[in-house]
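A short worksheet on the structure shown next.
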Amino acid sequence: MAGVIALIAVGNTLALSVVERQQESGLLRELGLTRGQLRGLLAWEAVLVAGVAPVLGVVLGGAYG
């Protein structure tokens, strides 16, 4: 259950990040990034956030516990 909640939270955070960064995305497109490259950039960001959050949670949880 906690995993599902965490996935929803990460998805929500990434969705807000995309909405808030529309101008940055537009600027990158104007500078020559293709749609595929921009999509890849956002996907890498999602992988990093989804990878760092559990590791940080385990480390802090282990230290606290």
Side-chain angles (χ1 to χ4, degrees):
M1 185 67 163
V4 172
I5 293 171
L7 287 175
I8 292 171
V10 168
N12 186 33
T13 301
L14 291 174
L16 287 173
S17 175
V18 170
V19 168
E20 291 172 354
R21 291 176 38 192
Q22 282 181 340
Q23 287 181 343
E24 179 184 344
S25 298
L27 177 62
L28 290 171
R29 291 276 293 139
E30 287 293 322
L31 291 174
L33 229 65
T34 64
R35 287 184 185 202
Q37 289 172 326
L38 185 59
R39 195 173 301 128
L41 183 68
L42 293 174
W44 270 112
E45 178 182 339
V47 167
L48 289 174
V49 168
V52 169
V55 170
L56 189 60
V58 167
V59 169
L60 291 176
Y64 183 71

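This chain uses plain numbering: 1 for the first residue, then up along the sequence. Just so we're clear, the structure is a prediction, and the values are computed from it rather than from any experiment.
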| task | Would you indicate whether Arg29, at its atom CZ, is surrounded by more than 12 heavy atoms from other residues, nucleotides or ligands within a distance under 6.0 Å? | result | yes
| said: Quick check for you: to the nearest 0.5 Å, what is the distance between Leu33 atom CG and Arg39 atom CZ? | reply: 11.5 Å
| said: Are the side chains of Leu42 and Arg21 in contact, using a 4.5 Å heavy-atom criterion? | reply: yes
| Which atom pair, heavy atoms only, marks the closest approach of Leu38 to Ser25? | CD2-CB, 3.8 Å
